Every structure is written in C-alpha cells, then in structure tokens.
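Shown next, in structure tokens, is the structure this report addresses.
Please read all numbers here as calculations on a predicted model, not as lab measurements.
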Amino acid sequence: MKIAMSPHTAPFRASAVSLPGRLLQLAGGMPTEPAIRNKELGIYVESTWRQYADQVAQCAAALAALGVRRTEVVAILADNGIEWVVADLATQGLGAVACGIYPTNSAEEVAYILEHSRAKVVVVGDQEQADKVIEVRARVPHLEHVVIVDPRGTRNYSEDLIHWSDLMAQGHGTPIDFAASVRGVAADDPAVLIYTSGTTGNPKGAILSHANLSVGADRLVDGLGARREDNILSYLPLCHLAEKVFTELLPLTVGNCVHFGESIDTVQSDLVEVAPTVFLGVPRIWEKMQARVDMGLRRSTRLKNWVHAKALAQGYRILARHEERRYLLRDRIQRFFLDVFVHRALRKRLGLERVRAAICGGASVSPEVLRWFYAIGISIREIYGLTEAGVTHVVPLDARVRIGEVGPEMTGVECRLGDDGEVMLRSQTTFLGYLHDDAATAAMVDDQGWLGSGDIGHIDEHGWLSIVGRKKQIIITSGGKNLSPEAIENALKDSPYIAEAVALGDNRNYVAALIQVDWDATSDWAASQKIAATSFADLAGKTEVRTLIQREIDAANQRLARVEQVRGFALLTKQLHQDDGELTPTQKVKRRAVMEIYHEQIDAIYAKGGRR
C-alpha cells in the first residue's frame, strides 16, 4: 500500500507566536485537510487539522483540571504517536512546559529527569514505561499524576494510573477557553524543556521559549522550501529537537501531513508505505540503508551486481564534475537513463522515490555515505544545530554540491569561529538557559549573546561551514598532533562490516580503535564463508572475522592521512548499549565511559605495538 500525497492547494502559512497558536490557525484555515496519519494495527488512521486541534484542547482542559498551571512541567515518556504531540501542544497551550523523556531511558535516568524538572504530571506510553515511573515514584515527590496511553497489563496495579481515554473524556466535559489560554502565551515564555544526551555526565535541561521554536520554524520553512503537500514520516524520538522540528515545527507552519509509523524497528517498511517527500535521517539510518542495499547485492546475481556497479561508477563521475561546479547536458541525459533503468527502482525499494529534501543531522556522517546516495540520485543535505541554539545552518535546496559542508548561516543567524576554532552562534533561537544551572548557562553563552557550540569548525572563502569534531574529544597524540576522532571513525564505518568504531590515541604514539562489527553484514559474510557463529561474542572471536576487519581498516587507512591511520584494534565481544552506560539515548557513544569500561582491552592494544 502506498500513501497518497495531499493534493496541491492554495498555500496557507501559520504565523502565530506559539505552536498551539499555529495549530488553531491551521484548524481555522484548512479544517478538513489531513494533519496526522497514525498507524494503528497496521492501518493509518487520519486526523484532520480540526480534529487535531479539538484533541489538543480536550487534553489541555483535562490537564488544567489535574491542576497543571503556567510554567509547571508535564513530562512525556512514550514512543512517537498522536498522543505525544497532543500532550505536548496541550501543555504549551496552557503556558506550562512540556518535557520529553527518551523511552529507552532506564528507571534511574527517568527518575533524574522527573526529579530535576519537578514534573507535576507524566504521560507514559505503556506498561513498560509505567513500570519505570512506579519503581522510582517515591523519589519524585513533585509528581502528582501518571497518565498511561496503553494500559494493557496494568489492570491489577495498585498504583493510581489515569487512562488516556479517561483523561480525554474528562477534557471533553470540562469547559475551557483554549484559544484564550493560547493568546495569553508570550513569545519569551518557556515552552519546552529538552534534556541533552549527557555524553559526559548527567543531562542538562535546556529551556526553549515559544519564540525559539516559532522563529526557528520560519527559518527552516524558507531554507528547506517546505510546503503544504509534503509528506513526513515521524520515527526518531520526539524528545530530540531534530525530530521535533520535522514532526511539529514545519507541519504547524505550512500545514503538511505527518505520518506516525509503528516503531523505529519498522522504519524501512513504513518508509516504503509513506514515501515521504521530506525525510530526516540520523547518520546510522543512512548507513543502514546503504548496508542493506550492499547486502542484497551480495546475495544477488552477477549480472545485477555488474549493472549496479556500472551505474554507481557513472553516478560517482557525475558527482565529481558537480563538485567542481561543472553541470553538463550529457550528465543530465546520463542521469535520466540511470534513473529509468537502475536507480529509480532502487530508490523505490528504499521508500525514497518521492523524496525531494533528504536531510541528515544529529551527528557527523561519513562523506562516502553522502557520495553513495548522491550517485543513486539522492542529494542529502546536512543540517547543523544543537539544542541550545536550535537548527541554525542548512544547505539551500539548489544545485550546489558540497559534500561534508553544512552550508552558510541562515537569515538572522550570526556565525564565527573562536580563537581556538570553536563554532560560535548568535541568534533569536538561542535558548533561555539551563534549568537550575545558572553557572552552566553563563559558561555556554557570553555577555554579548555568543553561544559556544563545543564544536571545532572551518569556514571557507564562500562562508560555508564544515564541522571538524567536538572540542572536548579532539585526540592529541604524544607527538602533539591534533586529530578528529569523528573523521577516523566515519572512515572506518564506511565498511558495511563495522557498525561502531571508537578512535583511540590521546597521549599515545599512534591511533588505534575499538571496533564493533555489524552483526547482520558480518554474520551474512560468515555464513557465505561457511563459518558458523552462535553469538555475537563467538562471531567477533573468529580469526577469519578479525582478518576481514583488518582488511577493511587497511582500506580505510588509504583515505586517511598517515598520522590518522589506525595501527591497532580490538573487536568488542558485545554490542554497545545504553543500558550498559555506553550509549546516550540518541545512540551516541559515551567515549569517556567506553574508555573506562574497556581500559584493559585498550591497554592490550598498545602493549602489542601497532602495525607499521
């Protein structure tokens, strides 16, 4: 089944100072147009803008009846879905503050955020999330109510849980002038509380105002050329600002339809069904797509492999000319035939045949991944931003190709480099500050309004920014060389057999790496070589697998400067996981924690000495 796109109609652009205000504008201006399609039991259930606004108003009435007042916090601990955005916008419309919590967080992490934010109400998705809250309830005295969306499995709980359906029914019977409440929200009032991923300690709560969100939405609509007939698939956690931008900020400005799939695990099948025109993917999503195609080709016929290789090589040649700003008529003709006979069908299998704005954000991505997608006809735009500043850089939708650069600053944004190369930003979207942490806020934003990003960057003669790496993560070798671990790790992860890599070398005389093999690709390769593996640890322990990874590292080293080349490695015998303190909720590696956990393996690498 393919989701039909909304018909092209006269443009309507919401301009209210808050997201709930924009929702009411859309409900009045295009009440019967589709706003949300939520997948339930395999079927997409549609809500119009009027129905969407009615649900938000009902939820707001119910939250007000529970005692939620201005500036108080309502937390949301659930997977993406219509209930998530309804609770979010209802909270904001009351002048209260919405706070998302990653559903992958442990009970301890949930307790920290609920206690630190002093949340009054928490909306949980299901039994699993309710159990986390119940486990720590005694430690969060400010929490008064727990609302559960899907109460299956909780019938015999002694805990007083409010069912979402009952909450909405209560709101339906509670009189409230939601429009008046929304009009009472000021631009500089706090709207959302977003906790950073906490790679180096406890997460900090960044407070964003209504103006931060609405101004950022207007800039992105202009920068991306977002329009009403766009289709968007929401699947990354809505606690993350990047997903919030594409699920709420853009649709609530131009009125396009958002689709909620079943889960992050079904994103590939959901992509094929929705066929979005605008798609946000973190680097790992794009890497997995490429790996999936490569794995399929390894299982395919020699003829298909030959055709794909030839088409890909031609795509790379076209890209090389485009990077030199050479746009030839013959390239357009060749691209047409490549599309007709090879790449259009490939993009369709990926669910990307209608995408016109392919976006990558959230972390650095390998230039080789971007080149591969460009070669098959998908030009991925890298966006750059951070929670404290909003999304402030975007590649314009034009013919320019600058692999590895995130673009010039957007209108209304100032960007410069500090004396040490740190990217400094100043704009209206700069956050209000960290909750309960004035010292951290002062360290982040100086008295002239410049926000230190913590990223080392480079600005070329055309004003285009590229990101070198995190300032605190730069490797300084014993020889005094400053190296970006991200550049080394991305080169290694270009291999379909390497899922994660952690570059080492601080105060050492050469670079090494901890490697986590990709289970799907590596086990598939092992099976093709008739190598039996019963577990991840068993697979990683095979001599043949180590030889395979060494070959992949050697290939990556060819693209790295001599001082960056990896001369030693260890294979991890388990996959890195958030529950083990190795990954953040956004699946970024906690480098410091990983180095502490695997210090024996790291010492063993350097005890052996590196390959020359």
Any donor-acceptor pair under 3.5 Å linking the side-chain atoms of Ser15 with those of Arg22?
no
Below 4.0 angstrom, N of the basic side chain to O of the carboxylate: do Arg37 and Glu46 qualify?
yes
Audit row: Gln92, Leu213, side chain to side chain contact (heavy atoms under 4.5 Å, CB included) steps and yes/no
CA-CA 12 Å; Gln92 293 184 44; Leu213 300 178; 4.1 Å; yes
If we ignore hydrogens and angles and just use 3.5 Å, is the side chain of Glu33 paired with the main-chain N or O of Trp49 as donor and acceptor?
no
Determine whether a donor-acceptor pair (N or O, by modelled atom type, separation under 3.5 Å) exists between the side chain of Ser47 and the backbone of Ile36.
no
Are the side chain of Thr154 and the backbone of Tyr157 linked by a donor-acceptor contact shorter than 3.5 Å?
no
Heavy atoms of other groups near Lys39 NZ, more than 12 under 6.0 Å
yes
What I want to check is whether the side chains of Asp79 and Tyr235 have a donor and an acceptor closer together than 3.5 Å.
no
Does one side chain, of Asn80 or Ser234, offer a donor that lies under 3.5 Å from an acceptor on the other?
yes
For a side chain to side chain contact (heavy atoms under 4.5 Å, CB included) check, start with the C-alpha distance between Val123 and Trp84, then their side-chain angles and the critical distance, and finish with the verdict.
CA-CA 8 Å; Val123 178; Trp84 209 109; over 6 Å; no
Taking the side chain from His577 and the backbone from Asp579, do they hold a donor-acceptor pair closer than 3.5 Å?
yes
Please determine whether salt bridge (Lys or Arg N to Asp or Glu O under 4.0 Å) holds for the pair Lys471 and Glu422, giving the CA-CA distance in whole Å, both sets of side-chain angles, and the decisive distance to 0.1 Å.
CA-CA 7 Å; Lys471 183 177 176 180; Glu422 182 180 8; 3.2 Å; yes
Among pairs that include at least one residue of residues 100-109, which meet side chain to side chain donor-acceptor pair (under 3.5 Å), considering only residues two or more places apart or in two chains?
Thr104-Gln578, Asn105-Gln578, Ser106-Glu109, Glu108-Arg139, Glu109-Gln578
Distance col, row Lys132:NZ vs Glu135:CD, nearest 0.5 angstrom, shows 10.0 Å
Would you confirm whether Trp286, through its side chain, and Ile359, through its main-chain N or O, come within 3.5 Å as a donor-acceptor pair?
yes
Hey, does the side chain of Gln127 reach the backbone of Gly153 with a donor-acceptor pair shorter than 3.5 angstrom?
yes
For Asp230, is there an ion pair with Arg354 - N to carboxylate O distance below 4.0 angstrom?
no
Could you give the distance from OG1 (Thr253) to CG (Leu26), rounded to the nearest 0.5 Å?
8.0 Å
Starting at CG of Asp455, measure out to NZ of Lys472 and round the result to the nearest 0.5 Å.
11.5 Å
Would you please test Tyr52 and Asp54 for side chain to side chain contact (heavy atoms under 4.5 Å, CB included) and show each step?
CA-CA 5 Å; Tyr52 188 5; Asp54 286 346; over 6 Å; no
Kindly state each residue pair satisfying salt bridge (Lys or Arg N to Asp or Glu O under 4.0 Å) with at least one member in residues 85-102, sequence neighbours excluded.
Asp88-Lys244
For atom CD of Gln575, decide whether the heavy atoms of other residues, nucleotides or ligands shown that lie under 6.0 angstrom number more than 12.
yes
Using atom types as modelled and distance alone, determine if a side-chain donor or acceptor of His259 lies under 3.5 Å from a backbone N or O of Ile232.
yes
Quick one: sort the Tyr112 and His116 rings into parallel, tilted or perpendicular, breaks at 30° and 60°.
parallel
Restricting to non-hydrogen atoms, name the atom on Ser18 and the atom on Val185 that form the minimum distance, rounded to 0.1 Å.
CB-CG1, 4.4 Å
State plainly whether the residues Lys590 and Glu582 are in salt-bridge range, i.e. N to O under 4.0 Å.
no
Look at atom CG of Asp160 and say whether more than 12 heavy atoms of other residues, nucleotides or ligands are closer to it than 6.0 Å.
no
Do any pairs count as a salt bridge (Lys or Arg N to Asp or Glu O under 4.0 Å) and have a residue in residues 425-449, sequence neighbours left out, and if so which ones?
Glu414-Arg426
Is any NZ, NE, NH1 or NH2 atom of the basic residue among Arg69 and Glu72 found under 4.0 Å from an Asp or Glu carboxylate oxygen of the other?
no
Is a side-chain donor or acceptor of Glu144 paired with a backbone partner of Lys120 at a separation under 3.5 angstrom?
no
When you measure from the side chain of Thr584 to the backbone N and O of Lys588, does any donor-acceptor pair fall under 3.5 Å?
yes
Without swapping roles, check the side chain of Ser214 against the backbone of Val17 for a donor-acceptor pair under 3.5 Å.
yes
Would you indicate whether His436, at its atom NE2, is surrounded by more than 12 heavy atoms from other residues, nucleotides or ligands within a distance under 6.0 Å?
yes
Side-chain donor-acceptor contact under 3.5 Å, Arg381 with Ser379:
yes
